[in-house]
Amino acid sequence: MNRRRAVSASNSKPSRTSPYDPKTVEARLYERWERNGYFHEEPDPARPPFIICMPPPNVTARAHIGHGSTYTPMDALVRYRRMCGDNAEWLPGTDHAAIATEAVLVRELAREGASRETLGREKYLERAWAWARECGGTIERQFRALGFSPDWARSRFTMDEGLSAAVRRVFVTLYRDGLIYRGKRLVNWDPIAKTTISDAEVEHEERDATLWYVRYPAAGPSTPLAGARYARDDITVATTRPETMLGDVAIAVHPDDDRYKAWIGKSVLVPPLLTRSIPVIADTAVDPEFGTGAVKVTPGHDATDFEIGERHGLPSLSIMDLEARITAADVDVGPYAGLERAETRARIVADLRAAKLLVKEEAHRHAIAVSERTGAVVEPLLLEQWFVTAKPLAKPALDAYRDGRVRFVPERYGRTYEQWLENIRDWNISRQVWWGHQLPVWYTPDGKTIVAESEDEAIAQAQELYGTGELSRDPDTLDTWFSSGLWPFSILGWPEKTPELECWYPSQTLVTGGEIIFLWGARMVMLGLYVMGKEPFRDVFVTPLVFDAQGRKMSKSLGNAIDPMELVEKYGADAFRMGMLRQLRVEAQEVRFQESRCEEARNFNNKIWNVTWYVLSLPEQLPSALTLPKTAALNPADRWILTRLHDTIVDVSGLLDGYELGNAAERIWHFIWYEFCDWYVEATKLEQARETRAAVLTFVLNNAMRLLHPLAPFISEEVWLALPHDGDTIMTATWPDPLEVPLDRETAGRMEVLRDEIVRLRNERAALGVAPNAALDAKVAPDAVSAYERELFARLAGVRIVPDVAASGRVEIEAPEDFLRERYEKERAHLRAEVERGEKKLGNAQFVAHAKADVVEKEREKLERYRSELERVERAMSESAQ
RNA sequence: GGGCGGUUAGCUCAGUGGGAGAGCGCUUCCUUGACACGGAAGAGGCCACUGGUUCAAUCCCAGUACCGCCCA
C-alpha cells in the first residue's frame with residue numbers, strides 16, 4: 001500500500017484540557033470513521049485476507065463483560081491487520097437466540113394474560129420480529145461506543161431471508177445425504193422453556209441431594225400382587241429419583257457381584273404400587289460401589305438406563321408428560337397421575353415409609369443436569385425428534401485438527417475439542433419454540449414426510465410421490481446453533497456464488513470464549529467442511545472467562561457483575577479496552593477482572609495527552625514532515641529512544657501475531673510511559689537537545705500512536721491527527737516498520753549505564769536529605785564525562801560535574817566522610833559477595849566443562865567487572881581514610 | 001469417575017535451565033515551566049511442598065496438598 005500523500009499538519013490542535021476527556025473525543029472520531037467508510041472493505045484478492053466473523057450476539061442482548069473480553073481482542077486484531085495492509089474485514093451480525101428470546105416473549109404475554117397459542121403462530125412471530133428489531137440496535141450502539149470497527153454495512157441477522165435460505169438448503173442436503181433423521185429417542189427436556197435442548201446445552205451442577213434406599217420385594221407365586229403384605233425376601237436399591245420408580249423396568253446388578261448372583265433372573269415388584277413385576281438383570285454398567293450395588297433401571301427417564309434397556313431388550317416407559325407431570329400413558333401410575341414431579345417424589349417417599357419399604361435415606365452430593373439457558377432441571381424424556389447424525393461430520397472435523405489445518409490458541413483447547421468430537425452423539429436439532437427457523441418438513445395426511453426448501457417444492461414433491469397436495473408443516477424450529485453453525489459462509493451470501501464468498505471464505509481467526517467451543521466452534525468446522533469442503537478458519541483463539549476480583553463468577557444475583565458500558569462512561573472506551581486487554585494472558589483460563597486497571601489506563605491516556613501537549617507547545621516549529629534529522633546530528637538520548645522504539649516495534653508486532661494482547665499492551669505502555677515520558681522527554685529539556693528534539697519527539701510519538709492504535713483507537717487517532725502525520729486517519733496508516741528506525745546499540749547501551757548512574761546519584765541525594773533544588777558537586781576526571789553527559793547529570797540528577805585531574809572516572813558526589821564510608825562499606829560488601837559468587841562458579845571445573853561457552857564467557861566478564869569495581873571502591877576507601 | 005489448568009511481593013499477574021519482574025497498594029520526599037489521573041527514592045519474595053534429572057532447577061520430570069475449569 002503506497003499512500004504517500006501530502007503530509008497534513010494539524011488544522012485542529014487539541015485544546016488544552018487536562019485531564020484528558022474521552023467524552024469530547026470518542027463519539028466525534030467514531031462518527032467520522034463510520035461516515036468515511038473506514039470500516040468497509042471490498043474483496044481484494046491482491047492483498048492477504050484477514051477475516052474475522054463476529055460471533056453474533058443475541059439480538060436482545062446488552063453488552064456484558066464477556067463481550068469486552070472477546071470482542072476487544074477481535075477489534076484489536078482487525079485494526080492491526082488493517083494497518084498492515086491486509087484485506088481486513090470484521091463481519092458483524094446478530095443471532096435470533098430462539099430460546100432466550102422466546103422466554104422473554106412468553107413471559108410478557110403471560111403478564112398480559114395471553115399465550116403464544118391464544119395469539120396464534122403468525123401474530124406471535126410478528127410480535128417477535130418487532131421485539132427483535134427494537135432490541136437489535138442496542139448492542140450495535142454499545143459496540144460502537146466501545147470503538148469496535150466491524151463493517152456495519154455488512155451486518156447480518158440469522159433470520160434474514162438469505163441466511164434462512166442457507167439454513168433450508170443445508171437441512172435439505174443433509175437430509176438427502178441421510179445425515180438428518182427423525183426418531184424417538186431419549187432427549188433433554190427443559191420444562192421451563194418447554195422445548196428439548198441438545199446435550200451441549202446441558203450443564204451439570206453439583207447439588208446436595210438425598211439417596212433413598214428402597215426395598216423391592218421378591219415377586220413369587222405366593223406373593224400377593226397388591227396390598228400391604230409382601231414377601232420377606234427383598235432386594236434394596238439406592239436411588240436419587242424415587243418419582244421415576246413408576247417407570248422402572250428392571251433391577252440391575254453387576255454380573256460379578258457375589259451378593260446378588262442368586263437374584264439374577266428372578267423378579268421383584270415395583271414399589272410403592274407393587275402391581276408390576278420386573279426382572280433382575282446383570283449389566284457391567286452397574287457400579288457395585290454405589291449404594292447397595294443394585295440399581296433400578298428406568299429407560300424412559302435416564303440416559304444410562306436407556307442404554308442398559310436397549311442392551312437387554314427392555315421396554316421404555318414414559319411416566320411424565322411435557323409439563324413434567326406424571327402420566328399414565330404407558331403404564332399404570334395409580335394415584336400419582338397428574339402430580340408434578342417434585343410433589344410426586346414427596347408423596348412416593350411418604351408412601352414408601354408408610355409401607356415400610358424405605359430402608360433409610362442419606363445425604364448425597366451429586367451432579368444434576370440443568371438447562372444452560374433457563375436453569376431448569378432437565379428431564380430426560382422419550383420424544384419423537386429430529387437429529388443430525390454426528391459421527392460422519394465429526395470425522396473430517398477431527399482430521400482438520402489432527403492435520404493442523406485448524407489450530408487452537410492456547411493449544412490445550414485442541415485436546416478438549418478432540419475429545420468432544422471423539423465422543424460425540426447425534427445432535428438433537430428440533431426445538432418446540434416458535435421463534436426460529438421452522439423445519440422445512442411437511443407431512444401428508446397419512447404421515448409421509450416431505451423435506452424441501454420451500455412449500456411450493458414440497459407440494460410438487462408430494463403430488464408426484466403421493467398424489468396429494470394437502471400438507472401440514474412440522475411446527476418445530478431448528479436449534480439456534482444450527483444456523484450459527486453456517487455463519488462463516490451464510491453471511492457471505494452462500495448459496496449464491498458471491499465475490500465475498502470467493503475471497504473471504506475461509507476466515508483466518510475465530511475468537512471465542514471457551515464455553516462455546518462445542519456449541520459453536522466445533523459445529524462450524526463440521527458444517528463448514530460438509531458444505532464448503534474447507535474448514536471455516538485456521539486459528540481458534542480462545543479467550544479467558546471473566547470473574548470478579550475474588551475469582552467468583554459474575555452474576556446478577558451476586559451483584560458483582562460489571563457493566564462495561566458503565567466503565568466506558570467512567571473512564572472512556574480506550575481505558576476500558578486497555579484495562580481489559582492488559583489483563584488478558586494467552587494461557588490463562590480466567591481473568592480476575594479489576595476495575596483499577598481501567599483507572600490506571602485512564603491515567604495512562606492522560607499521560608499521553610499531556611506529553612502531546614508538551615510537544616505541541618515547544619517553542620520551536622514542529623517539522624512539517626515526518627522525517628528524522630541526519631543520523632550524525634542525533635544526540636545520545638535521541639539514539640537511545642530510537643533504538644528502544646525499534647525494539648518496541650519488533651516486540652509488539654510479534655506479540656500481536658501470537659495473540660499476546662496483554663503482553664503487547666504492557667510492552668507499549670512501558671515504552672510510552674517509562675521510557676519515552678520519564679526519560680526521553682526529560683532529556684529533551686537539555687540545552688543540547690534543542691536541535692533535534694522536535695523532529696524526534698514527533699517521530700517517536702507518531703510511531704507509538706500507531707503501535708497503540710489497535711488497543712486504544714481513539715486517543716491514538718486524536719494524538720496522531722494533532723501531530724505531523726501522513727494520511728487521513730491512523731486507521732489506515734501503515735504499521736510501524738522497524739527498518740525505518742535508525743539503530744545505535746552502542747550509544748543506547750551507554751545511555752542505559754548513565755541511567756543507572758543517575759538513579760544511583762538520586763538515591764544518594766535522597767539518603768543525604770539534600771533539598772531537591774540544591775545542586776551537589778562531584779569531581780570527575782576531565783575526559784571521563786562528555787559535555788552532553790555533564791548536562792544530563794546536572795538536569796536529571798541535580799549533580800554539577802567539576803573536572804578534576806585527581807578524580808576517578810566515576811561520578812562521586814561530595815558528601816560528609818561518614819556518609820561516604822557507610823556507602824562504600826555497603827557497596828564493598830555487595831561487590832565482595834558478587835566476586836565470591838563468580839569465583840566459586842568459575843572455579844567449578846564441571847561448570848566450565850559443561851556449561852555453554854557464552855554462559856561461561858558472560859560469567860567471566862561479570863567477574864572482571866565486579867573485581868575492578870571492588871578495587872575502585874577499596875581504593876576510594878583507603879584514600880578517604882587518609 | 002475421566003481430561004486439563006493454576007499455586008511467584010499485601011492484591012492482580014508476567015517471566016526465564018545460569019544474578020527474582022510489572023502494575024496497583026505501602027513508606028519517605030517533591031505545588032521542578034507536559035502531567036498530583038504527576039515526579040523521585042525505597043521497603044517487601046525458602047518462586048506451594050517432597051523427591052528426581054543436571055555442573056546448575058522458580059523453570060524440566062515424578063509425586064503430594066490446595067484452588068479452579070471442562071466432560072461424563
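The sequence lines fix the lettering, A, B, ..., with proteins before strands; numbering per chain opens at 1.
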Margin query: Any base atoms under 4.0 Å from A:Arg592, or only sugar-phosphate, or nothing? Heavy atoms, all strands.
Written below: sugar-phosphate
Next item on the list: List in chain and number order the residues that pass ring-ring contact (aromatic ring centres under 6.0 Å, His included) with A:Phe604, two or more places apart in sequence or in another chain; answer none if no residue qualifies.
Entry: A:Trp669
Note to self: Regarding A:Phe593, tell me which of base, sugar-phosphate or nothing describes its non-hydrogen contacts under 4.0 Å with the strands shown.
What the structure shows: nothing
Next item on the list: Could you check whether A:Glu682 gets within reach of a base, just the sugar-phosphate, or nothing at all, counting any heavy atom under 4.0 Å?
Entry: base
Next item on the list: Please list, chain by chain and in numerical order, all residues satisfying ring-ring contact (aromatic ring centres under 6.0 Å, His included) with A:His366, sequence neighbours excluded.
Entry: A:His364
Item checked: Watson-Crick or G-U pairs under 3.5 Å in RNA chain B, rendered as dot-bracket with [ ] for crossing pairs and | for another strand -> (((((((..((((....[..)))).(((((.......))))).....(((((..]....)))))))))))).
Note to self: Which is more 5' along RNA chain B, the nucleotide nearest A:Ala588 or the one nearest A:Leu545? Just name the residue.
What the structure shows: A:Ala588
Checklist line | Partner residues of A:Glu660 under the side chain to side chain contact (heavy atoms under 4.5 Å, CB included) criterion, sequence neighbours left out | finding: A:Val586, A:Leu655, A:Asn663
Note to self: Around atom CD of A:Glu206, are there more than 12 heavy atoms from other residues, nucleotides or ligands closer than 6.0 Å?
What the structure shows: yes
Notebook entry, point to check: Do the side chain of A:Arg523 and the main chain of A:Leu519 share a donor and acceptor less than 3.5 angstrom apart?
Noted result: yes
Check: Taking the P atom of each, how far is B:rA43 from B:rG1, in whole Å?
Finding: 49 Å
Notebook entry, point to check: Does any residue of residues 413-425 of chain A have a heavy atom under 4.0 Å from RNA chain B, and if so, which ones, in number order?
Noted result: A:Arg415, A:Thr416, A:Gln419
Next item on the list: Mark yes or no for whether A:Arg693, through its side chain, and A:Thr684, through its backbone, hold a donor-acceptor pair below 3.5 Å.
Entry: yes
Margin query: The criterion is side chain to side chain contact (heavy atoms under 4.5 Å, CB included); which residues satisfy it with A:Glu791, sequence neighbours excluded?
Written below: A:Leu686, A:Glu687, A:Gln688
Taking only N/O atoms, report every protein-nucleotides 59-63 of chain B pair under 3.5 Å with atom names and distance.
none

Next item on the list: With P as the reference atom in both, quote the distance from B:rC4 to B:rU54 in angstrom, rounded to an integer.
Entry: 27 Å
Next item on the list: Measure across A:Val591 and A:Gln583 and return the closest heavy-atom pair with its distance rounded to 0.1 Å.
Entry: CG2-O, 3.7 Å
Next item on the list: Rounded to whole angstrom, note down the C1' distance from B:rG42 over to B:rC46.
Entry: 24 Å
Margin query: Main chain of A:Phe699, side chain of A:Asn703: is a donor-acceptor contact present, judged purely on distance under 3.5 Å?
Written below: yes
Check: Considering only heavy atoms, which members of residues 843-853 of chain A lie under 4.0 Å from some atom of RNA chain B?
Finding: A:Asn844, A:Gln846, A:Phe847, A:His850, A:Ala851, A:Lys852
Item checked: Separation between the P atoms of B:rG51 and B:rG19, rounded to whole Å -> 23 Å
Notebook entry, point to check: Between B:rC37 and A:Asn610, is there an OP1 or OP2 to side-chain N/O distance shorter than 4.0 Å?
Noted result: no
Note to self: With rounding to the closest Å, how many angstrom separate the P atoms on B:rG10 and B:rG52?
What the structure shows: 30 Å
Next item on the list: Can you sort out the partners of A:Trp189 under ring-ring contact (aromatic ring centres under 6.0 Å, His included), two or more places apart, ordered by chain and number?
Entry: none
Note to self: What does the B/S/- profile of nucleotides 19-24 of chain B look like, 5' to 3', with a 4.0 Å heavy-atom cutoff to protein?
What the structure shows: B---SS
Check: Does some side-chain heavy atom of A:Leu754 sit less than 4.5 Å from a side-chain heavy atom of A:Phe793?
Finding: yes
Next item on the list: Would you indicate what A:Val759 reaches in the nucleic acid, counting non-hydrogen atoms under 4.0 angstrom: base, sugar-phosphate, or nothing?
Entry: sugar-phosphate
Margin query: Using the side chain to side chain contact (heavy atoms under 4.5 Å, CB included) criterion, which residues pair with A:Gln589? Sequence neighbours excluded.
Written below: A:Arg412, A:Tyr413
Margin query: Please check this pair: side chain of A:Glu26 against backbone of A:Ala573, looking for a donor-acceptor N/O pair closer than 3.5 Å.
Written below: yes
Next item on the list: With P as the reference atom in both, quote the distance from B:rA40 to B:rU31 in angstrom, rounded to an integer.
Entry: 15 Å
Margin query: With rounding to the closest Å, how many angstrom separate the C1' atoms on B:rG6 and B:rG15?
Written below: 16 Å
Next item on the list: Provide, to the nearest angstrom, the distance between the CZ atom belonging to A:Phe547 and the P atom belonging to B:rG5.
Entry: 17 Å
Check: Can a donor-acceptor pair be found between the side chains of A:Ser198 and A:Glu201 at a distance below 3.5 Å?
Finding: yes
Note to self: Nearest 0.5 angstrom please: A:Lys607 NZ to A:Asn610 CG, how far?
What the structure shows: 7.5 Å
Item checked: Gap between atoms CG and P, on A:Asn188 and B:rC71 respectively (whole Å) -> 13 Å
Notebook entry, point to check: Any sub-3.5 Å donor-acceptor pair from A:Thr698's side-chain atoms to A:Ala695's backbone N or O?
Noted result: yes
Notebook entry, point to check: Between A:Gln550 and A:Val855, which has a closest nucleotide on RNA chain B that is more 5'?
Noted result: A:Gln550
Checklist line | Under-4.0 Å side-chain N/O to phosphate OP1/OP2 contact, A:Arg762 with B:rA41 | finding: yes
Check: Taking the P atom of each, how far is B:rG21 from B:rG63, in whole Å?
Finding: 32 Å
Notebook entry, point to check: Which part of the nucleic acid, if any, lies within contact of A:Asn605, taking any heavy atom under 4.0 Å across all strands shown: a base, the sugar-phosphate backbone alone, or nothing?
Noted result: nothing
Item checked: Results of side chain to side chain contact (heavy atoms under 4.5 Å, CB included) for A:Ser868 - residues two or more places apart only -> none
